[in-house]
2 protein chains.
Amino acid sequence: MIESVNPDLHDALHTLGLRVTEPRLAVFEAVQSHPHADTETILDATRAALPSVSHQAVYDGLRTLAEAGLVRRIQPAGSLARYEVRVGDNHHHLVCQVCGRVEDIDCVVGEAPCLTPNDDHGFVVQQAEVTFWGTCADCAPDADRAADAGRTATDDRTTSAD
Amino acid sequence: MIESVNPDLHDALHTLGLRVTEPRLAVFEAVQSHPHADTETILDATRAALPSVSHQAVYDGLRTLAEAGLVRRIQPAGSLARYEVRVGDNHHHLVCQVCGRVEDIDCVVGEAPCLTPNDDHGFVVQQAEVTFWGTCADCAPDADRAADAGRTATDDRTTSAD
DNA sequence: CGTGTTATCCTGAATCAATCAAGATAAGCG
DNA sequence: CGCTTATCTTGATTGATTCAGGATAACACG
């Protein structure tokens, strides 16, 4: 039922010693076609291709693919887990504080060195994750309306590395 | 039972039209003395000062204080909600992927401009949050042992703005 | 192409942080 | 000091995620 058998994915799973199963392929395609979708959306999308797939197989597939590095799991504070297939390409996220919508930020202005902590507290740092919090265009009108009551000069504030 | 009645906190609550209650003061002090603690730890710490306080009052107090901007709620992926009293001072976090321990990073090397997205997708960006993922000193031995089996040149990789 | 091993999936139940609801209490104004 | 109502208490509920045991099928091997 999976029309496009992704050869790269097949090989990647195989190389990692993981079995190539229909649920896994369907879950991967669902993530691919629904970037930043939460688990329930992935579940629905997976069932569109493989109607009989179980709830558990999708959870398990997402975890396995994430651990294999084939999908990336993100979870902005207060949000459900979300998944995407873009991995290892140095991008970050922009999250709407109103509706939770997520967009990709290909890179930040500036170079990687700016993402080095000044004191690593003895940690071995493996990754720097940047999340931009804001209000998306669709939700902006609501925010404007709500803010109209108490608009002040502080609204001029835009990005701050807070 | 609250030995040190924080005058600043008292005023801040009052100015915001919020009532100054023992549970709120105790919750604030618990957060202050247990940086990055999760809700259960805050609950226990609050009860050390105010034994009869309810579960709900602590949840409510944390939410109220967070909405008032008096405490900051952070929630690294896969972790429970954590709280801290440092607000508005431009700092970020370093999270251990093994034990979940959180440390503060006062600032990143480089300037705020490096934390401006290159394409805001129509969002009004209010804040940039940086989370460094790594392994803390206490957990490092475990990681070393686990990695010994398959150590490769890629282990040289340190920070990347991934 | 058969066969065996076991990773993976399915069904169904459990977990548990967090939230909701309704009545009781007390903060703070006049 | 008394009134209003924000806040707290008690108790139940939600809901994403995980756990468990038996059934199925991927794939290594002969």
Side-chain angles (χ1 to χ4, degrees), chain A residues 1-2 5-6 9-28 30 36-44 46-47 49-68 70-71 73-83 100, chain B residues 1-2 5-6 9-28 30 36-44 46-47 49-68 70-71 73-83 100:
Chain A
M1 277 310 140
I2 308 297
V5 176
N6 184 328
L9 175 59
H10 191 292
D11 287 352
L13 288 170
H14 200 263
T15 302
L16 290 162
L18 297 169
R19 291 184 183 172
V20 179
T21 67
E22 279 206 302
R24 281 181 181 161
L25 298 174
V27 165
F28 185 86
H36 310 130
D38 60 22
T39 309
E40 188 184 343
T41 302
I42 300 297
L43 176 56
D44 289 345
T46 303
R47 283 187 170 149
L50 206 62
S52 65
V53 79
S54 74
H55 163 96
Q56 191 59 240
V58 172
Y59 269 91
D60 201 45
L62 287 170
R63 168 185 283 191
T64 302
L65 293 172
E67 287 178 352
L70 299 172
V71 306
R73 173 184 171 138
I74 61 173
Q75 189 171 18
S79 162
L80 301 181
R82 290 164 177 270
Y83 297 86
Chain B
M1 274 311 139
I2 308 295
V5 176
N6 185 327
L9 175 59
H10 191 292
D11 288 352
L13 287 170
H14 199 264
T15 301
L16 290 163
L18 296 170
R19 291 184 182 171
V20 179
T21 67
E22 280 207 301
R24 280 181 183 161
L25 297 174
V27 166
F28 185 85
H36 310 130
D38 60 22
T39 309
E40 189 184 343
T41 302
I42 300 298
L43 176 56
D44 290 345
T46 303
R47 283 186 171 150
L50 205 62
S52 65
V53 78
S54 73
H55 164 94
Q56 191 60 240
V58 172
Y59 269 90
D60 202 43
L62 287 170
R63 169 185 283 192
T64 302
L65 292 172
E67 287 177 352
L70 299 172
V71 306
R73 174 184 172 138
I74 60 174
Q75 189 171 19
S79 162
L80 301 181
R82 291 162 176 271
Y83 296 85

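Note on naming: letters A, B, ... go to the chains in the order of the sequence lines (proteins, then strands), and numbering restarts at 1 for each one.
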For A:H14, check ring pair (Phe, Tyr, Trp, His ring centres under 6.0 Å) against everything at least two apart and list the hits.
none

Contact class for A:T64 vs. all strands (heavy atom < 4.0 Å): base, sugar-phosphate, or nothing?
nothing

Residue mapping more 5' on DNA chain C - nearest nucleotide basis, B:H55 or A:G61
A:G61

Hey, does A:S54 reach any base, or is it just sugar-phosphate, or nothing, if we go heavy atoms under 4.0 Å?
base

When the axes are fitted on five pairs at both termini, how much does the helix from C:dC1-D:dG30 to C:dG30-D:dC1 curve, in 10° steps?
40°

Relative to the 5' end of DNA chain C, which residue comes earlier, A:S52 or B:E40, by the nucleotide with the nearest heavy atom?
A:S52

Chain B vs DNA chain D, heavy-atom contacts under 4.0 Å, first-to-last nucleotide span, 5' to 3', is D:dT5 to D:dG11

Give one of base, sugar-phosphate or nothing for B:D38, where a contact means two heavy atoms less than 4.0 Å apart.
nothing

Which donor-acceptor pairs under 3.5 Å do side chains of residues 50-66 of chain B form with protein atoms, sequence neighbours excluded?
residue	atom	partner	partner atom	Å
B:S54	OG	B:A57	N	3.0
B:T64	OG1	B:D60	O	2.9

Specify the residues of residues 12-20 of chain A, ordered by number, for which at least one heavy atom lies under 4.0 angstrom from an atom of DNA chain D.
A:H14, A:R19, A:V20

Does the side chain of A:D38 reach to within under 4.5 Å of the side chain of A:T41, using non-hydrogen atoms?
yes

Span of DNA chain C, from the first to the last nucleotide whose atoms fall under 4.0 Å of chain B heavy atoms:
C:dA17 to C:dC29

Just verifying a value: how many Å separate B:L18 CG and B:H10 NE2, rounded to the nearest 0.5 Å?
12.0 Å

Under the side chain to side chain contact (heavy atoms under 4.5 Å, CB included) test, which residues partner A:A12, sequence neighbours left out?
A:L70

Roughly how far apart are B:L43 CG and B:T39 OG1, rounded to 0.5 Å?
8.5 Å

Just distance, no hydrogens or angles: give the donor-acceptor pairs under 3.5 Å from side chains in residues 74-82 of chain B, sequence neighbours left out.
residue	atom	partner	partner atom	Å
B:Q75	OE1	A:G78	N	3.0
B:S79	OG	B:R82	NE	3.3
B:R82	NH1	B:H36	O	2.6
B:R82	NH2	B:G100	O	3.4

